[in-house]
Each structure stands twice: as structure tokens, then as C-alpha cells.
Amino acid sequence: MKLNCIFLMMTVSVGGFTACTDVLNVAPDGTLTMEEIYADPDRVESLLNACYMNIPQKGYCYRFFEPAVVSASDDGWTSEDGTGGNLIYDVYKDNVSASGHAMRDYNSSDVGGSANGAYWSRFWTQIRLCSQFLECIETAAVKSEASRERLKAEAHVLRAFYYTELVKWFGKLPILDHTIPFDTDFSELERQSVYDVATFIVSDCDAALQSKELPWRITTESEGLRVTKALAWALKSTIMLYAASPLHNEGQDHWEEAYRTSRQAVSELKANGYELFKTCTNPTLFGDYGAAAFHQLACQHADYSAAPRDRETIYQHTQGGLFVWHIGYIGSNMSNTYKVGCCPTQELIDAFETVDGQPVLDLAKPYLDENHLQPNYHPANRTYDPNDPYRNRDPRLYATAYMNGDVIIWDNEPVTVETYVGGPHALSFEQSNRSATRTGYFHRKMVTPRACGTNQINNAPFKYYRLAGILLDCAEAAAEAGHPEEARAAADEVRARVGMPPLPADLAGEALILRIRNERRVELAWEEQRYFDLRRWQKPDGDLSATCKWLTAMVITRNPDGSFAYQRSNILTTPRGGWQNRDLLLPLPLAEVARLEPLTGRKWQNPGW
């Protein structure tokens with residue numbers, strides 16, 4: 001089955017809680033009835049295609065080419081902060097409410113023609129489509145019983161995928177394992193705990209994993225978006241991590257279960273050919289430094305082959321690209337550029353250890369003041385030099401950010417990055433200046449070297465899951481569940497790829513948990529993990545004031561002797577929006593809540609909205 005033409009378009013209510021089966025079973029205008037569709041094997045496969053049609057692009061594919069989820073975390077700050085009416089502008093200004101929230105409601109097809117956003121309405125539509133398909137596939141006409149088995153397994157994984165995405169944004173959800181007719185009594189409908197939703201997601205994945213026909217890996221490009229057993233395991237690992245996390249666990253300890261799930265996920269993935277991408281296959285382009293393979297992995301499309309170059313990527317999109325050859329890059333005073341976009345914050349730069357494996361800051365209290373202007377240096381670090389802050393750092397830093405003094409190739413010529421005051425690439429706090437970094441840094445991780453100026457390379461599509469992320473799921477769950485050796489081993493495997501030393505052999509308890517959380521930040525930067533990690537690590541009565549209220553830039557001054565002086569500065573003189581308790585979860589649409597609360601007699605809205 002080639003995932004190309006979607007022939008079936010459906011509409012449901014905002015929440016997706018009303019089924020359209022009855023409507024589809026009649027055809028007053030002469031179109032096909034559902035009975036006719038299920039009698040045709042080709043149309044049955046096309047019906048499953050409809051279940052795929054709202055898998056979103058991510059990365060730079062949000063409204064106006066904005067990496068919105070990164071820009072709304074403490075890892076990035078965007079030069080779109082002064083563009084009124086833009087998605088991220090409203091988030092930064094706190095112009096959000098239950099009736100209208102930019103992160104929830106935007107609807108964009110800026111890149112590649114693939115619609116993005118509006119997840120509450122889109123994903124409930126997809127969940128209903130998957131449920132309808134599962135209800136009918138057993139008696140539908142198919143090309144073979146093997147085909148029936150694979151199609152059924154895919155529908156289970158897709159429903160699990162959409163449910164997992166909804167949990168990340170909204171938390172507790174109703175569990176709908178079947179389509180609901182119009183005349184249903186909705187009075188019993190309620191939001192179930194994240195753990196119960198996770199159990200349902202795991203059951204969908206387990207149903208798919210029992211299929212002998214669902215492959216572990218896609219080997220032909222025409223099937224690129226189709227789901228696999230590898231994705232089913234990744235979803236199981238991810239959703240159990242969320243269910244065990246403080247924001248969602250309702251005071252229950254699910255860490256041991258999360259650990260067992262992620263440990264088995266890692267084991268099954270490795271047993272079926274998944275491994276970290278450790279060797280750069282294009283050193284001419286990416287170099288031969290410690291993070292060259294890491295950088296190549298981030299920049300290049302995972303290949304579809306029975307013996308692929310990239311055995312780490314578990315699931316990626318196929319359409320469009322991250323589109324960063326002229327944005328999210330150096331921008332200022334450079335030819336063939338559009339805007340700078342989102343740039344790494346000083347907080348992200350601070351997260352990268354020195355090469356001896358010591359954190360730069362004390363992770364338990366990284367800053368001595370609320371505004372992050374007084375770094376609390378780790379007492380055991382003897383390598384970091386505040387007067388030469390980018391030397392001797394974790395190699396992943398050099399694959400993640402461009403810093404003052406770095407050299408890039410622009411229009412086939414070497415250009416030195418000069419972000420110091422008065423330099424050609426200097427930062428600017430003027431919110432009307434879209435061509436300047438707000439932080440003193442530029443994004444590098446997902447930009448292919450030399451893909452700038454006239455060398456316009458549309459980068460790889462977004463990678464939803466890769467083995468390193470599942471290893472770090474396992475590390476976190478193991479640390480939380482009291483298995484420090486297993487936690488260190490999983491994290492060390494990821495660190496070894498870039499030549500970073502193992503975690504200290506005696507590291508355990510809260511100190512180990514903090515190191516693994518920081519490892520997630522460093523390894524998964526710009527991959528839409530940090531935004532959700534910060535939230536799930538909070539208790540329901542917590543907030544993001546320590547991480548997201550104040551963010552900083554590095555202001556660099558060039559001294560007469562050519563050396564540099566470094567001074568931290570807040571990017572804004574007022575707090576950035578999105579740090580309050582209510583911001584831990586998105587609000588449900590106000591109209592949806594207004595419909596459901598009178599019907600059910602239960603509160604549906606998330607706290608604070």
C-alpha cells in the first residue's frame with residue numbers, strides 16, 4: 001500500500017465524540033456507501049490511508065516556519081517575538097485563553113502542503129477513523145489475510161500514536177475504543193487518568209505487536225510513513241514515562257512499570273536491528289569531530305532499506321523538510337536569508353558539560369537568582385572557564401549551536417561567526433529586528449553544513465522517535481525506580497557515541513535523576529522533547545517559573561587585545577509568557593467544555609483555564 005492519495009474526507013464535532021458512521025452509510029448524492037467501500041480491497045486500503053492523513057509535520061513546520069515547541073521552551077528564543085499576531089508572539093505575550101490559545105488552535109500548511117496544528121480536533125477525528133476501521137476490517141474485502149492482519153495492526157498503532165500526542169498536550173482524556181453514534185447518552189463520558197489512558201495505548205500497541213505481518217522496519221520509500229513494530233515499542237516506552245511522571249501520576253508510583261516497559265523496548269529494538277548511529281558516513285560534509293555522526297543523524301533523511309545507513313531512527317515524517325537553509329541559521333547581514341528564527345538560549349548552552357564529564361552548573365540549583373544572571377557553578381568542575389566558555393565542552397554543543405568564533409561555509413566561502421557587540425552577526429534585543437539573534441547564538445543541529453546562501457538544501461523531515469530517546473526513557477525510569485546501575489548504563493550508551501565519559505559509578509538518587517534529565521536536554525535538543533519534559537516533571541500544583549519565566553543571552557564585548565568579555569543579560573526586562581501553573585497543560589477548547597460539562601456533570605477543563 002502506497003500512502004499517497006487520501007480519498008475519504010470526514011468531518012466530526014470539535015471533540016470528535018460524535019460518529020459519522022450513519023451519515024457515511026447513505027449516499028444521497030450518488031457517492032459510495034460504506035458497504036461499497038468495504039467490498040473493495042483497494043478502497044479498504046485507502047480507508048486506512050485516511051487514518052494517516054493528520055500525522056503532523058514538526059520542527060520548522062509550524063505557522064510561519066516557526067519551531068514553535070522549541071521556541072516556547074527554555075531551549076530557544078525566536079526573533080519572531082515582535083511579530084504581532086504570530087503564533088509564538090501570542091505565547092510570549094501571554095495572549096492566550098481557553099477560548100483562544102495559539103499553541104492549540106493554529107492551523108498551518110506553510111510547509112510541504114501538510115496541515116499542522118489544531119490537534120484537539122484533528123486527532124479526535126483520526127482516533128474515530130481508526131476505531132471505525134478496526135470495527136469493520138474483520139469482514140471487509142481484502143487482498144489477502146496477511147493484508148488484513150497488517151492493516152488491522154497499523155490502525156492499532158495509529159490510534160496509539162494520536163492518543164499519545166493528545167496526552168502530551170492535554171493530560172487526561174476519555175478512552176474511546178469504538179465509534180459513538182449520534183444518539184449516544186454522553187452523560188457517562190469522562191476524562192480518565194493518564195495511567196488508564198496509557199494502559200489503553202499499551203493494549204493497542206500490544207495488539208499490533210502480535211501481528212506477524214507488521215514489519216519492524218520500512219524498507220521502501222513508497223511506504224515511508226507506514227507504522228511499524230518499532231514505533232509500537234517507542235509509544236509504549238513514551239506513554240509509560242508520562243504516566244509515571246509527577247504531573248500525571250496522581251500520587252501513584254508507576255516508575256517500576258515504566259522502567260520494565262522501556263527496558264523491554266530497548267531490548268526488542270536492538271534485537272530487531274536498531275542501533276545508535278555511531279559512525280559519520282560523510283566526514284567531508286560533517287567533519288571528524290566527536291559529534292559528527294550525531295550531527296549527520298539530525299540532518300539527514302533516514303534511508304529506507306533492508307540494510308539502512310541509519311539504524312537509529314524509529315519513525316520519521318516523509319513530507320516537506322525542516323526548511324532551515326535560510327532561517328533558523330545565522331541570518332544577520334548575510335545573503336539569501338529570510339530571518340533568524342529560533343536561537344539557542346544561554347540556558348541551553350549552560351547544559352552542556354565539559355569534556356571531563358562534569359556539569360558546568362549545579363543542576364540542583366543552576367542559578368543563584370531568579371533572573372539567571374548569576375550562574376551557580378558546579379563545585380567539582382575545574383575545566384570550565386567563564387572567560388573562554390565554549391572551549392572543552394561536550395561535542396554535542398558544537399553540533400547544536402553556532403557561537404562566536406565558529407567558522408561556517410557561506411556561499412562556498414568561509415565566514416567567521418561574530419556575535420560580539422558591533423560584529424556583523426551581533427545580537428539585538430530589538431523585537432522588530434527579525435534578522436538578528438536574541439541570544440548571541442544560532443541554531444546548528446538540524447542545518448546541514450554548507451546548506452546556506454545559494455546552497456539551498458531542504459533538510460530532513462522530522463524524526464519523531466529514535467533509539468537514543470528510548471534509551472534515555474529507560475535511564476530516567478530506572479533512576480526513578482531505584483535501579484541506578486541500569487540507569488547509568490543506558491545513559492552512558494548515549495554519551496559514549498560522542499566520546500563523553502561514563503557517569504560517576506557512585507551516582508544515584510536525586511543527583512542521578514538530575515543528570516539524566518540534563519542528558520535528555522543535551523541529546524534531544526530541538527527535537528520537541530524539552531517543552532514536554534519540563535511540564536511532566538512538575539507536580540500538578542507546580543509551575544515553570546524556575547526555567548521559563550526569565551531567559552538569558554550572552555552579550556560579548558571585544559577587548560582591544562582581541563580577547564572577549566562575556567556578560568549574561570535577560571532577553572526581556574519583563575517575564576516571558578508561558579510559565580504559570582495553568583501552562584503545564586493546554587486548555588480544552590472552551591466550546592467543547594461548554595458542551596460536555598452540562599451533559600456529564602463533571603469538570604472537563606484543565607486547571608487554571
Side-chain angles (χ1 to χ4, degrees), residues 1 3 6-13 15-25 32-55 121-167 173-182 184 189 192 196-215 223 225-236 239 315:
M1 179 182 70
L3 292 173
I6 303 298
F7 84 101
L8 185 62
M9 299 299 292
M10 302 181 180
T11 58
V12 295
S13 72
F17 300 141
T18 55
C20 54
T21 305
D22 295 338
V23 175
L24 289 172
N25 278 337
L32 294 171
T33 66
M34 291 305 293
E35 287 80 3
E36 291 173 314
I37 291 171
Y38 284 117
D40 185 327
D42 288 329
R43 293 191 174 110
V44 170
E45 290 193 359
S46 293
L47 188 61
L48 182 64
N49 281 357
C51 297
Y52 279 92
M53 67 182 180
N54 275 321
I55 292 179
S121 56
R122 290 180 187 276
F123 288 174
W124 283 118
T125 300
Q126 296 309 108
I127 288 168
R128 195 208 60 80
L129 282 170
C130 293
S131 296
Q132 182 189 52
F133 186 88
L134 288 167
E135 289 168 0
C136 301
I137 186 60
E138 295 293 353
T139 58
V142 291
K143 295 175 181 178
S144 68
E145 288 307 307
S147 176
R148 187 193 312 277
E149 187 174 341
R150 180 175 179 183
L151 298 176
K152 181 179 177 181
E154 288 185 44
H156 277 295
V157 177
L158 285 168
R159 187 165 66 180
F161 174 87
Y162 294 120
Y163 254 110
T164 299
E165 290 293 301
L166 283 173
V167 166
L173 302 168
I175 297 174
L176 301 176
D177 61 353
H178 60 282
T179 55
I180 301 177
F182 286 114
T184 294
L189 194 66
Q192 304 291 329
D196 287 342
V197 177
T199 301
F200 173 64
I201 291 170
V202 167
S203 69
D204 256 342
C205 292
D206 285 342
L209 289 166
Q210 293 174 9
S211 170
K212 296 179 180 179
E213 302 302 325
L214 186 66
E223 292 192 330
L225 201 61
R226 296 187 78 173
V227 300
T228 62
K229 287 184 176 179
L231 177 59
W233 275 111
L235 292 170
K236 288 179 64 173
I239 198 59
Y315 194 60

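Nothing fancy with the numbering, it's 1 onward along the sequence. Being a predicted model, the structure only gives us computed values, none of them experimental.
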Given V227 and Y315, is the side chain to side chain contact (heavy atoms under 4.5 Å, CB included) satisfied, shown in steps?
CA-CA 8 Å; V227 300; Y315 194 60; 3.9 Å; yes
For Y38, the ring-ring contact (aromatic ring centres under 6.0 Å, His included) test, sequence neighbours excluded, returns none
So, for Q126 and C51, which heavy atoms are closest and what is the spacing to 0.1 Å?
NE2-O, 2.9 Å
Is the shortest heavy-atom distance from the side chain of K143 to the side chain of D42 under 4.5 Å?
yes
Hey, is the main chain of N49 close enough, under 3.5 Å, to the side chain of S46 for a donor-acceptor pair?
no
Determine the minimum heavy-atom distance between I37 and R43, stating which atoms define it.
O-CB, 3.7 Å
Shortest non-hydrogen contact from L158 toward C130
CB-SG, 3.8 Å
I'd like to know whether L214 forms a side chain to side chain contact (heavy atoms under 4.5 Å, CB included) with L209, so could you lay out the CA-CA distance, the side-chain angles of the two residues, the decisive distance to 0.1 Å, and finally the verdict.
CA-CA 7 Å; L214 186 66; L209 289 166; 5.6 Å; no
V142 and E145 have their tightest heavy-atom pair at CG2-OE2, 4.3 Å
Sequence neighbours excluded, which residues qualify as ring-ring contact (aromatic ring centres under 6.0 Å, His included) partners of F123?
Y119, Y162
Measure the spacing between CG of L176 and CH2 of W124 and express it to the nearest 0.5 Å.
5.0 Å
Nearest non-hydrogen partners of A232 and C205, listed with the distance
O-SG, 3.5 Å
For K152, does the NZ atom have more than 12 heavy-atom neighbours from other residues, nucleotides or ligands under 6.0 Å away?
no
Decide side chain to side chain contact (heavy atoms under 4.5 Å, CB included) for L129 and M53; before the verdict, give the C-alpha distance in whole Å, the side-chain angles of both, and the deciding distance to 0.1 Å.
CA-CA 10 Å; L129 282 170; M53 67 182 180; 4.2 Å; yes
Intermediate values then yes/no, side chain to side chain contact (heavy atoms under 4.5 Å, CB included), E154 and S211:
CA-CA 10 Å; E154 288 185 44; S211 170; over 6 Å; no
Would you call D206 and K236 a salt bridge, using N to O less than 4.0 angstrom?
yes
Out of curiosity, H178 NE2 to I180 CD1, how far, rounded to the nearest 0.5 Å?
5.0 Å
Does the side chain of V44 reach to within under 4.5 Å of the side chain of F133, using non-hydrogen atoms?
yes
Between the CZ atom in R150 and the CD1 atom in I137, the distance rounded to the nearest 0.5 Å is 13.0 Å
Residue set satisfying salt bridge (charged side-chain N to carboxylate O under 4.0 Å, His left out) with E149, at least two apart, ordered chain then number -> none
From L235 atom CG to H156 atom NE2, the distance as rounded to the nearest 0.5 Å:
14.0 Å
Rounded distance (nearest 0.5 Å) linking atom OH of Y163 with atom CD1 of I127:
5.0 Å
Under a 3.5 Å distance rule, please check whether Q192 uses its side chain to pair with a backbone N or O of L173 as donor and acceptor.
no
Any donor-acceptor N/O pair, R159 side chain to D177 backbone, under 3.5 Å:
yes
At their closest point, which heavy atom of A160 faces which heavy atom of I201, and how far apart are they?
CB-CG2, 3.7 Å
Quick one: do R148 and E213 make a salt bridge, cutoff under 4.0 Å?
no
Rounded to the nearest 0.5 Å, how far apart are CG of D204 and CD1 of I239?
12.0 Å
